[in-house]
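Values below: every heavy atom of this structure, side chains too, minus hydrogens, waters and symmetry copies. Chain A is the first sequence line, chain B the second, and so forth, proteins listed ahead of strands; every chain is numbered from 1.
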Protein chains: 2
Amino acid sequence: MRPKNLEKEQAIKSVALQLIAEEGLENLSMQKLAKAANISPRTIYLKYADKDDLLIKLYIEEVLGAYEAAITEGLHDNMTFEEGVKHIWMKSFEYYKTNQPAFALMLYGKSSPLLNKAFQEMNIKEGQYFAPIHQFLELQVKKGKIKDFPFTVQRALLFAPLTDLINEYFEHINRSGQPVTPQILMAACETVIDGLLKK
Amino acid sequence: MRPKNLEKEQAIKSVALQLIAEEGLENLSMQKLAKAANISPRTIYLKYADKDDLLIKLYIEEVLGAYEAAITEGLHDNMTFEEGVKHIWMKSFEYYKTNQPAFALMLYGKSSPLLNKAFQEMNIKEGQYFAPIHQFLELQVKKGKIKDFPFTVQRALLFAPLTDLINEYFEHINRSGQPVTPQILMAACETVIDGLLKK
DNA sequence: ACAAAGTAAGTAAATGTTTATTTACTTACA
DNA sequence: TGTAAGTAAATAAACATTTACTTACTTTGT
């Protein structure tokens, strides 16, 4: 039996993410992807059932999974609230800075009904994504350190600005006057931390 | 000369937004739109040069323009920082609650390169979008009331969580346990306000 | 007061292209 | 040599956009 070429498997994923980042999800086609990855369209269908399957797996595994792994690495329950949140902000920035195409598809996850639905279903079937963060925040509430909001609200308050700032970072990456420097990012992080503290 | 039917003009816009919200920008086609709006494909081309032109105008005029008008109405420079930010949060929530399709396309504006680019160019040509908010925040900085961040950073800290929360609101609208109630929203708003205050 | 001419708004159907996916074949290795 | 991995080319459907025509109203000459 002919062994599978892992380079081709990887090429499909990374070229797909690249094309999505450059031209948008709405302009990705299987034939364009095959040509750009230097493979036959059929090869994609050996690994994915159809286009939706490819997009969903790309989003769940390459984007959400890889991101979760990157930011939860080194996150411990014995960290203070400040340390934990700063850890996630820093790791997120570092991760996406070197994985811009993953960031682009992550953003599409917030708008595309296909990806959105896939995320909801995955969350139900496989247990909460970002469970370590959920757990970390729950502990801080129990300690009386931070305000007791539902998890989704805490997530919005602590991390929605971060996504916006990383987006801003990329938009200014080839221009003068980058507003998102590491110092600004840390100051912004301290701002969201301070807001959520119980006074 | 036969007068134009304004209902059809309006139908194109509202049906397009609806289809995008339901099936995603990546699944919108001109023929589908024509059929859903009960018009001929040609009619769309009488009002828009091509598909990109339609999407860009929909995004800039119907989504960003209408939203800006909705939230800046009643925003005055003599409001306190707290009043101003709460005003924008409340108006935003009210506006999007009754314009979910506009919210869906607004989200695509953050991911789609086409819409993103259109927004940048519009901002350069026509002057800053959300200028009243820019001006309001600048005044608060001058007064020494809030931390002096670049505008984009202030926007991220004050309003990115709001977008996330409205999204969350829609995702729970037909389910039990809605986490985004008006009270929670106001408490979250107070949290972002508190974070940005100069201490 | 009124019909008929002029015209932009509108339509149905066609255009050529691109799409997702499949068929029929070839390749490279265990 | 058997077989899964891979390919090039084909298929049918859907796509953006256009063509050739009709409609419905305004204008104009009477």
For [X] and [N], what is the distance between atoms [atom1] and [atom2] respectively, to the nearest whole Å?
{"X": "Tyr48(A)", "N": "dA20(C)", "atom1": "OH", "atom2": "C1'", "answer": "17 Å"}
{"X": "Asp53(B)", "N": "dA16(D)", "atom1": "CG", "atom2": "C1'", "answer": "14 Å"}
{"X": "Lys51(A)", "N": "dA13(D)", "atom1": "NZ", "atom2": "P", "answer": "19 Å"}
{"X": "Ile44(A)", "N": "dT19(C)", "atom1": "CD1", "atom2": "P", "answer": "12 Å"}
{"X": "Tyr45(A)", "N": "dT19(C)", "atom1": "OH", "atom2": "C1'", "answer": "9 Å"}

### Task
Could you identify which residues of residues 20-37 of chain A place a heavy atom less than 4.0 Å from some atom of DNA chain C, listed by residue number, or say none?
Leu28(A), Ser29(A), Met30(A), Gln31(A)
### Summary
Given protein heavy atoms under 4.0 Å, the one-letter contact record of nucleotides 6-13 of chain C, with B base, S sugar-phosphate only and - none, is simply BBBBBBB-
### Message
Is the ring pair Phe170(A)/Phe103(A) parallel, tilted or perpendicular, if the boundaries are 30 and 60 degrees?
### Response
tilted
### Query
How are the rings of Tyr59(B) and Phe119(B) set to each other: parallel, tilted or perpendicular (split at 30° and 60°)?
perpendicular
### Lys147(A) vs Gln154(A), side chain to side chain contact (heavy atoms under 4.5 Å, CB included): CA-CA, chis, key distance, verdict
CA-CA 9 Å; Lys147(A) 297 175 185 165; Gln154(A) 283 172 334; over 6 Å; no
### Query
Does any donor atom in the side chain of Glu26(A) or Tyr108(A) lie under 3.5 Å from an acceptor atom in the other side chain?
yes
### Message
What I'd like to find out is whether the side chain of Lys199(A) reaches to under 4.5 Å of the side chain of Asp194(A), using heavy atoms alone.
### Response
yes
#### Entry: Leu165(A) vs Val153(B) side-chain heavy atoms within contact, under 4.5 Å
yes
### Message
Suppose we call two aromatic rings close when their centres sit under 6.0 Å apart. Are Tyr67(A) and Tyr96(A) close by that rule?
### Response
yes
### Message
Taking NZ in Lys143(B) as the centre, count heavy atoms belonging to other residues, nucleotides or ligands within less than 6.0 Å. Is the count above 12?
### Response
yes
